[in-house]
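So that the names make sense, note that chain A is the first sequence line, chain B the second, and so on, each numbered from 1. Values below: all heavy atoms of this structure, side chains included; hydrogens, waters and symmetry mates excluded.
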Amino acid sequence: MTPQDRVKINRLPTGVPGLDEILGGGLPEFSFNIIAGAPGCGKTTLAHQFMFANATPERPALYFTVLGEPALKMLRYQQQYTFFDASKLNASIRFINLSHVLLEHGLSGILEEITKQVAAADPSIVVVDSFRTVVRNVLENEVQVQGFVQDLGLLLTSGEATTFLIGEYIDSELRDNPVFTVADGLFWLYQNVERNSVVRKLQVMKLRGQASVPGMHTFRITDAGLQAFSRTLGLAGRTHKPPGTKRLSMGIPELDEMLGGGIPEGDSLLIAGSSGTGKSLMATQFIAAGIREGQPGIVAVFEERPEEYATRADSFGLDLNTPMKDGNLKVIYLRPLDLSVDETMQEILDAIEKTGAKRLVIDSLAGFEMALAPGFRSDFRESLYRMIYSLTGIGVTILSTVEMEESFTELLFSTYSISFLTDDIIRLRYVEIEGQLRKVMMVVKMRRGAHSNDIREYEITSKGVEIGERLMGYDHLITGIPRGIDRPALTKFSSRQKTAQR
Amino acid sequence: MNRNIPSPKIRALAQRLLAYEDSAANPSAAHMPAVFCVSEKLRHPLSTLAGNSGFRSLLARALTLAKAQNPRLAQCNVKPDGSLEGLGTEEQDAEAGVTLIAQLLELLVTFIGEGLVMNLVLDSWPNFTGITSTEKRDHDPTR
């Protein structure tokens, strides 16, 4: 069979942002689907979003409620969502309560009534809500259940309609229940409480005819209904950009020099150091340098608000307010404490798409981890890997900061064991010299080129980070407690000396 | 404000609906009080949304509330099939009918909002002109 001979299956938009990407392009037309999950996990809302996105007066949607929530109550609550378009009611979307039919005529009556309504309305979408309750209450015999499901499935499929059964199921029912065999699509929604956070996830357990993205995807329910966040971050199928040779300035000439000409475009750079070492300032200088060079940027902050971030930059002579107003810089503040990485990523990706950003700062990874729901923290490393791989793959250069607990016996690169995820690492640390707490920096790793091996002292001044010369006259600098060697030690680095040395 | 007393706007709508049914009554329904006709016309869309028993419950609740406002309704009942009994065609019965329909509409407004109730009324009485253009505009979902 040639590709031309194959039946073309149209894919319908689900009306749920992010879900079409997870499904591999949308929901197959005329498919027979089951939306399963515990109460309150968003099954009804998902079906409603699909109806409001697709139903037309010519091919309406029929929504049958049997023993669950009556349509009257459903209307009361669903109209709170922004996707709810009251002008579609009756003409495009019809709610039909069948509870009395079930009570008076049993399941055969239900089938008969659905058949009658489907024949009369010629719908493009049919939803039977609380299907599970019907089967559980009316039929205990498995053969009868199978027969009923098959009849219903056949009826719905032959009506040239995309159909849904909505039911409350538990995972263990998946094994033996015949309804799952008949269905073309099986969508399972979960809602788990992890410590004090609620985490919602969905899984496409089955979808005939097209490749969906496997695994658990997080989703959120807001005033706009469900929004799903694909594990592939919406970047599946995009060509991975080959690494370029361009170097990006860090906004600190001496640091560019230490990096062998700047940070390679499309790299992921980690700046690690303890509190007060200037990580955030370096990140801000990196973003500001990009803005000066006409490269839009995104800053994801977790520990301060965008206005505070801009004000702090201003105190170092870095104007972020203008590019923020011009749309060349977006500062994203994320701190809801129950985020998923995918959700955070979606926010960042949307901002990248909007601004055309080439530089991204994540300040800091510790804040990022804290913003995640506890259940996602255990996957932080894996999530970080997906995020970095996806973003650098589209040519974005990422600078992340990470807070390090200072040790005076060894030099740690990262508390997250994430150094392997990054291409380049700059380590900042305090050293005790002659009764002073001074700061040194070193480039620890650069995957795509040579870099300076110098350990250089630096200071934070009103102009930002100012880097001095290689700190000579000491060894054991990386432990934080250096020892003087038999050479004259340098006096404390100062801007005046640096200027003189130039 | 007493939450059990319908707003003047809803009461006026009920009055206009009953007047419309009164004037539009076909010969076979001529002997039937307008309140029964209005209730019967609302039965179909409400049963579709809430089921037969749901419609009966709504009407029974509206009647309970209306009885507190108008003693004339003391003899009125909702039959098991959801139809009404116990009202005649006298003027006082007509006034009691307005009270009952206003309560039913107000109850619906409480549940699904004024916009959807106006839609439901317009769908049930396509030729009814008793909804003012302002009311229509206020609830035009396409706006």
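Each salt bridge (Lys or Arg N to Asp or Glu O under 4.0 Å) pair with one or both residues in residues 73-92 of chain B, not counting sequence neighbours, appears once here: B:R72-B:E90.
When ring centroids are compared, A:F164 and A:F50 come within the 6.0 Å threshold.
Legend: residues meeting ring-ring contact (aromatic ring centres under 6.0 Å, His included) with B:F111, ordered by chain and number and at least two apart, are absent.
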In sequence, state the C-alpha distance, the side-chain angles, and the governing distance for A:E160 and A:R59, and then conclude on salt bridge (charged side-chain N to carboxylate O under 4.0 Å, His left out).
CA-CA 10 Å; A:E160 285 184 297; A:R59 297 296 313 277; 5.7 Å; no
Please tabulate, for the side chains in residues 48-55 of chain B, all donor-acceptor contacts under 3.5 angstrom to protein atoms that are two or more places apart in sequence or on a different chain.
from, atom 1, to, atom 2, distance (Å)
B:T48, OG1, B:H44, O, 2.7
B:N52, OD1, B:S47, OG, 3.4

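Residues of residues 91-100 of chain A lying within less than 4.5 angstrom of chain B, judged on heavy atoms, are A:F95, A:I96, A:N97, A:S99, A:H100 in numerical order.
Neither the backbone nor the side chain of B:L120 comes within contact range of chain A, judged by heavy atoms closer than 4.5 Å.
Taking 4.0 Å as the cut-off between side-chain N and carboxylate O, B:E95 and B:R11 count as a salt-bridged pair.
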